[in-house]
Protein chains: 2
Amino acid sequence: MARTGRPREFDRESAVRQAMNLFWAKGFESTSLSDLKSTLGGLSSASFYAAFGSKKALYEECLAEYMGTCGELVATLRDESLSAREALRAMLWRSIEIQTSRDSPLGCMAVLSGIVCDDDNADVAELARNARKVNRDAIADCIARGVANGELADDGSAEAFTLTLDSFLKGLAVQSRDGISREALLRSADQLLSILDR
Amino acid sequence: MARTGRPREFDRESAVRQAMNLFWAKGFESTSLSDLKSTLGGLSSASFYAAFGSKKALYEECLAEYMGTCGELVATLRDESLSAREALRAMLWRSIEIQTSRDSPLGCMAVLSGIVCDDDNADVAELARNARKVNRDAIADCIARGVANGELADDGSAEAFTLTLDSFLKGLAVQSRDGISREALLRSADQLLSILDR
DNA sequence: TGACTTATGGAATGGTTAGTCCGGAATTTG
DNA sequence: CAAATTCCGGACTAACCATTCCATAAGTCA
């Protein structure tokens, strides 16, 4: 059943992707409605609000889009065809590749776009925080899997290693923004994994 | 020679410290002039601009204050009475203590307050970036010192280790904001240093 | 005392913010 | 064809933004 009424003049999906890149690059608060409207093809306020509801609602959509594409690490971590160590390494490499890619903003949207906020945007900060927690939990699960199948030492260091990896991962967002090269970060990631060699 | 003219009615030094806490907690852009004026004792616009020049100038002062006090890690790293490893460990512990302290905002001001910015606040972002670089260079120097005196292996991994530590350190800012406990982060930091035990 | 200097309260600046509203245009359905 | 539905351009709102201005107050110096 086709939709009745006048058809939308822009592609909503690609608009969300463009908005995602804007929020990713500038953060939630520094991205203004007029930024968004002009980037998404010069649409009017009426069109914007009819299509997306509000700036916050669009941000939420963009963050979900990000976590389902560029920021997607969970699938790698859960890939049972890889050993835990291979999965962790693949996750780090994938993340570094995306964070340092020139085809998208530097760094990680979930880290950069919603840590520091005005009080009345606390809900935006919480969305980003939840997104970060999803990744942290997936890292913990991956390590637990390695411990369970005997691949990793069962010496009580699993929680610490989760945080070590996760902190490093989040630091990458800043390093990428600061212009540290992909190659240097990759070497650093491999060195970090050598913790498992003891 | 005493200053002439009507004396200022507030303590400029303590005002800078209070402003530092505000910028630290909320970032540069989310901290508004009215936030600042009311927090610094309800002073007027005239008094604010007479004392500090502009919002950006005050931010610069606050960042310098931060780097000279709470964010001060360079002195620890250069402490020649400590071995390189001891210095690195002391630096990490000090940083975690401050970033997770309840007596000041969570996380690191140099990381949180100036990564994501509007285009016309690019100079603010650069101030914060320079502050971060100071710490990174100090870490590199400390590791170089350890290599030079034979304490650390001279196997070409120094640059990677600098980045590994520095990325972890910056990730701490996010973890602290996300409510990760001090104790867990300290365990994680010690695990990270075990890279040196190979 | 009077000249000078600096700080203060408060009003006013021009610009931007997110969001609303309305009249008209474009489409589907009957 | 007419009715119903949806979208669009653009004017509009009310709040907030950093900053400036001015008359006045409170000091020092000679």
Side-chain angles (χ1 to χ4, degrees), chain A residues 1-16 19 22-23 26-62 113-114 116-125 127, chain B residues 1-16 18-19 22-23 26-63 113-114 116-125 127:
Chain A
M1 186 73 85
R3 250 167 79 84
T4 162
R6 179 173 172 175
R8 186 175 282 129
E9 286 178 9
F10 60 96
D11 179 3
R12 195 180 186 286
E13 277 187 41
S14 89
V16 169
L22 217 50
F23 282 130
K26 308 180 55 168
F28 175 76
E29 300 198 305
S30 292
T31 303
S32 70
L33 255 294
S34 57
D35 281 340
L36 287 164
K37 290 189 293 184
S38 64
T39 300
L40 311 194
L43 37 71
S44 68
S45 292
S47 303
F48 180 90
Y49 282 92
F52 305 115
S54 71
K55 187 185 170 187
K56 279 185 190 176
L58 176 57
Y59 176 82
E60 190 164 358
E61 258 189 83
C62 290
S113 74
V116 164
C117 265
D118 216 276
D119 297 332
D120 40 297
N121 294 137
D123 41 0
V124 168
L127 286 173
Chain B
M1 187 72 85
R3 248 168 80 83
T4 161
R6 177 174 174 173
R8 186 174 283 128
E9 287 179 7
F10 60 95
D11 178 2
R12 195 181 185 286
E13 276 187 43
S14 88
V16 169
Q18 287 179 285
L22 218 49
F23 282 130
K26 307 181 56 167
F28 175 76
E29 300 198 305
S30 293
T31 302
S32 71
L33 255 293
S34 57
D35 281 340
L36 287 165
K37 290 189 294 185
S38 64
T39 300
L40 311 194
L43 37 70
S44 69
S45 293
S47 302
F48 179 90
Y49 282 92
F52 306 114
S54 72
K55 185 185 170 187
K56 278 185 190 177
L58 175 57
Y59 176 82
E60 190 165 359
E61 258 188 83
C62 289
L63 187 60
S113 74
V116 163
C117 266
D118 217 275
D119 297 332
D120 40 296
N121 294 136
D123 42 358
V124 167
L127 287 172

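A note on names: the letters A, B, ... follow the listed sequences, proteins ahead of strands, and every chain is numbered from 1.
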Peer 1: Nearest-Å distance, CG (A/D35) to P (C/dT16)?
Peer 2: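 Going from CG in A/D35 over to P in C/dT16 covers 12 Å.
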
Peer 1: So, does A/E29 use its side chain to make a donor-acceptor pair with the main chain of A/D118 at under 3.5 Å?
Peer 2: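 Between the backbone of A/D118 and the side chain of A/E29 there is a qualifying donor-acceptor contact (under 3.5 Å).
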
Peer 1: Send over the distance from A/D120 CG to C/dT17 P, rounded to a whole Å.
Peer 2: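 Spelled out: CG on A/D120 to P on C/dT17 is 16 Å.
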
Peer 1: Quickly work out the A/K37 NZ to D/dC8 P distance and round it to whole Å.
Peer 2: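 These atoms are roughly 13 Å apart.
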
Peer 1: Taking the side chain from B/T39 and the backbone from B/L36, do they hold a donor-acceptor pair closer than 3.5 Å?
Peer 2: no

Peer 1: Starting from P on D/dA18, measure out to CD on A/E29 and report it in whole angstrom.
Peer 2: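 In whole Å, D/dA18 P and A/E29 CD are 12 Å from each other.
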
Peer 1: Students often get this wrong, so: under 4.0 angstrom with heavy atoms, is B/A46 touching a base, only sugar-phosphate, or nothing?
Peer 2: base

Peer 1: Look at the side chain of B/S47 and decide which nucleotide, out of C/dT8, D/dT19, C/dT20, has an atom nearest to it.
Peer 2: C/dT8

Peer 1: Quick one: label B/S30 by what it contacts on the DNA or RNA (base, sugar-phosphate, nothing), any heavy atom closer than 4.0 Å.
Peer 2: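 The residue B/S30 makes no contact with any strand.
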
Peer 1: Which nucleotide, C/dT6, C/dG19, C/dG10, lies nearest any side-chain atom of B/R6?
Peer 2: C/dT6

Peer 1: Quick one: which of C/dG9, D/dT28, C/dA18 gets closest to the side chain of B/T4?
Peer 2: D/dT28

Peer 1: Nearest whole Å is fine: how far is D/dT6 C1' from A/R12 CZ?
Peer 2: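 In whole Å, D/dT6 C1' lies 15 Å from A/R12 CZ.
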
Peer 1: Among side-chain atoms of A/S113 and A/Y59, is any donor-acceptor pair under 3.5 angstrom?
Peer 2: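 Present: a donor and an acceptor within the cut-off.
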
Peer 1: Strictly below 4.0 Å, N to O, side chains only: are B/R12 and B/E61 in salt-bridge contact?
Peer 2: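 Yes, charged N to carboxylate O under 4.0 Å.
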
Peer 1: Quick one: label B/S32 by what it contacts on the DNA or RNA (base, sugar-phosphate, nothing), any heavy atom closer than 4.0 Å.
Peer 2: sugar-phosphate

Peer 1: I want to confirm an ordering. Mapping B/P7 and B/L33 to their closest nucleotides on DNA chain D, which one lands closer to the 5' end?
Peer 2: B/L33

Peer 1: Any side-chain N or O of B/S44 under 4.0 Å from OP1/OP2 of C/dG9?
Peer 2: yes

Peer 1: Any side-chain N or O of A/R8 below 4.0 angstrom from OP1/OP2 of D/dC7?
Peer 2: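 A/R8 to D/dC7 OP1/OP2: side-chain N or O found under 4.0 Å.
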
Peer 1: Any sub-3.5 Å donor-acceptor pair from A/K37's side-chain atoms to A/S47's backbone N or O?
Peer 2: no

Peer 1: Mind calculating the distance between NZ (A/K55) and P (D/dA15) to the nearest angstrom?
Peer 2: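 Result: 19 Å.
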
Peer 1: Assign each of B/F48 and B/G5 to its nearest nucleotide of DNA chain C by heavy atoms, then name whichever residue's nucleotide is nearer the 5' end.
Peer 2: B/G5

Peer 1: Select base, sugar-phosphate, or nothing to describe what B/F10 touches, counting heavy atoms under 4.0 Å on all strands.
Peer 2: sugar-phosphate

Peer 1: Let me know the distance between CD of B/E9 and P of C/dG10, rounded to the nearest Å.
Peer 2: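 About 12 Å, once rounded to whole Å.
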
Peer 1: Check whether any side-chain nitrogen or oxygen of B/S34 sits under 4.0 Å from OP1 or OP2 of D/dC17, and answer yes or no.
Peer 2: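 Looking at the OP1 and OP2 atoms of D/dC17, one of them is under 4.0 Å from a side-chain N or O of B/S34.
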
Peer 1: Rounding to an integer number of Å, can you tell me how far B/L43 CG sits from C/dG10 C1'?
Peer 2: 14 Å

